[in-house]
Amino acid sequence: MAGKKREIQLQVIVNSQSLWDEMLQNKGLTVIDVYQAWCGPCKAMQPLFRKLKNELNEDELLHFVVAEADNIVTLQPFRDKCEPVFLFSVNGKIIARINGANAPLVNKKITNLINEEKKIAAGEMVRPQVILYYFILKKMHYIFSVAFLRNFPKHLEQLYIIVIIKPDAVMTRKSLEIKKKVSDISQKYFKLIPDFQDFVLFMTSGVSHILVISQGDEEQPDLKETEPDPEMEAKEADEDHHEEVRTPVKKKHDSLQEYLERQHVSQFCDIEENLTDTNHFIDILFPDFKNMKNLKLEKTLAFLRPRLFQEKREHVLKIIEDEGFKILMQRQIILSEEEAQTLCREYENEDYFENVIEQMTSGPSLALVLLRDCGLQHWKNLIGPSSVEKAKEHLPESLCVRFAMEDLPINQLYGSDSLEEAEKEIQYFFPSQDTLALIKPHVTHEQREEILKLIRETGFEITQMKEVVLNEEEAEKIYSKIKGRDFYQDVLQMLSEGPSLVMVLTKWNAVSDWRRLMGPIDPDEAKLLSPDSIRAHFGRSTLKNAVHGSSTIYEAMETISRMFEDFIPENHEGN
């Protein structure tokens with residue numbers, strides 16, 4: 001019991017947003033072990049933390065916390081990830097993170113930050129200002145990111161740094177402003193070098209759209225074919241004293257390059273019409289292009305039964321990824337007896353049926369929605385027959401055999417039997433939910449389009465949308481819970497600066513997923529904790545952080561009913 005007590009004293013438990021906000025009031029350094037409810041904190045690092053606590057002996061400056069990502073809005077980006085994550089907060093500002101249980105690196109980080117705090121407290125140094133340049137290069141859907149420049153030493157004045165101005169900044173014509181700021185800071189800390197490879201820099205300054213086009217199977221009319229005009233022909237014949245009737249004249253079909261030149265847009269496009277070069281570029285840029293036309297994308301429901309989920313979850317997910325499946329949705333769920341009986345009805349005549357139901361309801365299962373070309377049948381072939389005995393006889397390489405449990409002769413994985421059954425099961429285990437979303441006035445038109453695109457790509461359906469300038473009465477419908485706060489007038493002022501876009505977003509787990517997509521309230525914090533979130537990309541400040549969303553299902557229901565009086569939700573979860 002003494003050891004347990006000591007462990008609790010070492011790391012304070014934070015499992016709600018209110019406790020998280022309270023924790024940020026700590027003075028000095030707080031080391032935060034971010035964990036998932038299903039796997040718990042990283043016990044391997046606790047001896048190191050205890051050692052540092054004793055050796056450094058800085059109770060006022062050094063604090064250790066374990067924070068449950070599942071119940072803390074700020075930590076939404078870390079949900080459903082099993083890799084340990086350690087965050088470092090100095091005086092309430094998260095300044096760094098380390099992924100993985102890297103004891104030497106964590107030890108060094110803590111020691112260095114505590115030594116800095118000691119020197120600052122003794123007046124031996126000024127607290128360093130953290131200068132964050134956050135530039136992202138998008139290539140397809142990948143994101144390469146983040147550079148922190150902190151405490152520039154004089155001996156590093158020859159250091160070369162590549163600064164990448166992210167595409168949305170280029171699109172909104174902010175590149176000159178950013179270059180000036182980089183130039184200003186560079187004159188103080190760095191030597192600038194001349195631009196080089198202008199074309200490469202230009203082509204990598206933003207997202208390019210690459211189109212592969214085809215004429216199609218049916219013969220199309222020529223773009224510039226001359227159509228017969230009887231009146232014009234009669235007039236020309238009279239003028240020229242000719243009596244013969246003119247026949248339509250076909251002119252050569254314009255090339256795409258010629259057509260774009262006539263439309264005055266050719267300078268914005270590069271066109272490759274040489275067949276050999278086109279095929280070469282397609283092979284590089286779209287390696288799966290030849291297979292894309294024959295794709296038959298199908299969704300299926302997949303289940304990892306409780307024991308397999310607990311013991312081999314990561315192994316199975318790796319196989320799913322390697323087999324080309326995309327996981328559209330996933331959730332942990334403890335099945336009721338009725339749900340277990342429905343999923344296991346094929347075993348109901350077996351003598352071990354009761355044992356199956358007992359195990360299926362003993363703990364969380366993992367439900368997945370998988371997408372792939374011929375996904376339903378491929379998943380069924382991959383997992384194999386429903387019983388281990390049949391799998392060993394007919395499909396010994398199946399997952400059923402690989403993950404067989406000695407005391408239960410059934411397949412530890414499940415897949416839908418048909419597309420119709422898959423649709424019903426997906427709707428049952430992943431019911432739709434509504435949430436309210438707001439894009440704030442300071443967001444530019446181009447940025448708004450980027451946000452809307454991201455919303456759709458993340459699987460949300462925009463079921464209601466309207467643009468409105470939120471006066472005090474309208475704003476109160478959305479921000480009623482902060483009406484009495486000191487900063488509420490600032491919120492009203494911000495909302496009155498222009499039209500906001502108010503939406504109802506619908507999908508499974510919509511409230512939580514929208515908050516995760518938005519990112520932390522403070523854009524600087526979002527850039528560190530959730531660099532691909534909306535607020536990390538488009539937020540300017542805590543007030544002008546681009547977007548807003550409901551915190552709970554109840555709040556979403558109430559706010560939607562006030563903003564969209566005629567909106568009638570379907571039989572969604574929580575509605």
Side-chain angles (χ1 to χ4, degrees), residues 38-39 80-83 291 295-335 337 339-426 428-430:
W38 62 272
C39 64
D80 302 324
K81 297 180 181 178
C82 62
E83 183 184 33
N291 301 322
L295 286 181
K296 183 183 178 183
L297 295 178
E298 295 175 348
K299 289 189 291 186
T300 185
L301 181 82
F303 245 81
L304 279 66
R305 305 189 197 274
R307 282 184 58 187
L308 181 61
F309 171 62
Q310 287 184 342
E311 299 174 15
K312 302 284 186 178
R313 173 182 185 264
E314 293 304 316
H315 191 178
V316 176
L317 293 180
K318 181 65 167 57
I319 292 173
I320 289 173
E321 178 185 349
D322 292 343
E323 289 292 329
F325 287 99
K326 180 178 180 181
I327 299 177
L328 297 180
M329 294 180 281
Q330 62 177 305
R331 68 179 295 197
Q332 300 173 41
I333 180 172
I334 298 179
L335 297 175
E337 186 171 336
E339 290 170 334
Q341 289 173 348
T342 300
L343 278 177
C344 302
R345 57 183 175 270
E346 59 189 311
Y347 307 112
E348 60 185 354
N349 295 323
E350 304 291 345
D351 55 6
Y352 51 77
F353 182 61
E354 290 186 6
N355 189 22
V356 171
I357 301 304
E358 181 181 349
Q359 292 211 24
M360 284 295 291
T361 56
S362 63
S365 298
L366 183 65
L368 304 163
V369 178
L370 304 181
L371 179 70
R372 186 191 184 276
D373 177 36
C374 299
L376 185 137
Q377 191 58 48
H378 188 80
W379 178 245
K380 295 292 286 185
N381 294 339
L382 186 64
I383 64 177
S386 58
S387 74
V388 176
E389 182 181 356
K390 291 181 180 178
K392 286 181 178 179
E393 181 180 354
H394 301 290
L395 209 58
E397 299 299 321
S398 66
L399 299 186
C400 178
V401 176
R402 290 177 63 180
F403 297 110
M405 305 289 180
E406 292 182 1
D407 59 340
L408 199 64
I410 68 169
N411 197 329
Q412 290 297 311
L413 296 123
Y414 170 83
S416 303
D417 289 328
S418 66
L419 292 176
E420 294 76 14
E421 197 69 21
E423 188 63 31
K424 292 178 183 177
E425 292 172 342
I426 290 170
Y428 180 83
F429 288 106
F430 296 89

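This one's a predicted model, so the numbers in the text were calculated from it and none came from an experiment.
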(request) Can you measure from CE (Met405) to CG (Leu308) and round to the nearest 0.5 angstrom? (result) 5.0 Å

(request) Taking the side chain as every heavy atom from C-beta outward, state whether Met360 and Arg305 have any atom pair closer than 4.5 Å. (result) yes

(message) Quick check against the 3.5 Å criterion: does Asn411 have a side-chain atom that pairs as donor or acceptor with the backbone of Ser387?
(response) no

(request) Start with the C-alpha distance between Asp373 and Phe325, add both sets of side-chain angles, then the distance that settles side-chain contact (heavy atoms from CB on, under 4.5 Å), and finish with yes or no. (result) CA-CA 8 Å; Asp373 177 36; Phe325 287 99; over 6 Å; no

(message) Test your reading of the model: is there a side-chain donor-acceptor pair from Ser398 to the backbone of Leu382, 3.5 Å cut-off?
(response) no

(message) Any side-chain to backbone donor/acceptor pair from Tyr347 onto Ser386? Under 3.5 Å, distance only.
(response) yes

(request) Write down the atom of Lys392, the atom of Val401, and the distance for their closest heavy-atom approach. (result) N-CG2, 3.8 Å

(message) Let me confirm one number: the CG-OG1 distance from Leu371 to Thr300, rounded to the nearest 0.5 Å.
(response) 10.5 Å

(message) As a quick check of understanding, evaluate side-chain contact (heavy atoms from CB on, under 4.5 Å) for Ile410 and Tyr352, giving each step before the final call.
(response) CA-CA 10 Å; Ile410 68 169; Tyr352 51 77; 3.5 Å; yes

(message) Counting only heavy atoms from other residues, nucleotides and ligands, does the tally under 6.0 Å from CD of Glu389 exceed 12?
(response) no

(message) I want to check something: taking the side chain as every heavy atom from C-beta on, are Thr342 and Tyr428 in contact at a cut-off of under 4.5 Å?
(response) no

(request) Sort out for me which residue in Arg345, Lys299, Lys380 forms a salt bridge (Lys or Arg N to Asp or Glu O under 4.0 Å) with Glu421. (result) Arg345

(message) Please give me the minimum heavy-atom distance between Ala367 and Ile333, naming the atom from each residue.
(response) CB-CG2, 4.4 Å

(request) Any chance you could lay out the side-chain contact (heavy atoms from CB on, under 4.5 Å) test for Thr361 and Ile334, step after step, and finish with the verdict? (result) CA-CA 6 Å; Thr361 56; Ile334 298 179; 5.7 Å; no

(message) Restricting to non-hydrogen atoms, name the atom on Ala422 and the atom on Leu301 that form the minimum distance, rounded to 0.1 Å.
(response) CB-N, 4.4 Å

(request) Would you confirm whether the ring centroid of Phe303 sits within less than 6.0 angstrom of the ring centroid of Phe309? (result) no

(message) Do Leu368 and Arg331 have side chains that approach each other closer than 4.5 Å (heavy atoms only, starting at C-beta)?
(response) no

(message) Under a plain distance cut-off of 3.5 Å, with no hydrogens placed, do Glu425 and Ser416 share a side-chain donor-acceptor pair?
(response) yes

(message) How close do Pro306 and Gly363 get, counting heavy atoms only, and between which atoms?
(response) CG-O, 3.6 Å

(message) Is there a side-chain contact between Leu413 and Trp379 in this structure, where contact means two heavy atoms from C-beta onward sitting under 4.5 Å apart?
(response) yes

(request) Flag the pair Phe403 / Glu311 as yes when at least one side-chain heavy-atom distance between them is below 4.5 Å, and no otherwise. (result) no

(message) How long is the straight-line distance from CD of Glu339 back to CD1 of Ile357, given to the nearest 0.5 Å?
(response) 11.0 Å

(request) Report yes or no: does Arg307 contribute a side-chain atom to a donor-acceptor pair with the main-chain N or O of Gln412 at less than 3.5 Å? (result) no

(message) Looking at every non-hydrogen atom in both residues, tell me the closest pair between Leu304 and Arg313 and how far apart they are.
(response) CD2-CA, 4.3 Å

(message) Do Leu366 and Leu317 make a side-chain contact, defined as non-hydrogen atoms from C-beta onward lying under 4.5 Å apart?
(response) yes

(message) Just checking Glu354: does its CD atom have more than 12 heavy atoms from other residues, nucleotides or ligands closer to it than 6.0 angstrom?
(response) no

(message) Here's a test for you: under side chain to side chain donor-acceptor pair (under 3.5 Å), which of His378, Lys318, Arg372 qualifies with Glu323?
(response) His378

(message) With rounding to the nearest 0.5 angstrom, report the CG to CG distance, Leu370 to Leu376.
(response) 10.0 Å

(message) Pair Lys312, Glu314 - check salt bridge (charged side-chain N to carboxylate O under 4.0 Å, His left out), show working.
(response) CA-CA 6 Å; Lys312 302 284 186 178; Glu314 293 304 316; over 6 Å; no

(request) Could you grab the distance from atom SG of Cys344 to atom OH of Tyr414, nearest 0.5 Å is fine? (result) 9.0 Å

(message) Checking the side chain of Arg402 only, and the main-chain atoms of Ile383 only, is there a donor and an acceptor separated by less than 3.5 Å?
(response) no

(request) May I ask you to test the Cys400-Val388 pair for a side-chain heavy-atom distance under 4.5 Å? (result) yes

(request) Would you indicate whether the side-chain heavy atoms of Val369 and Gln330 approach each other to under 4.5 Å? (result) no

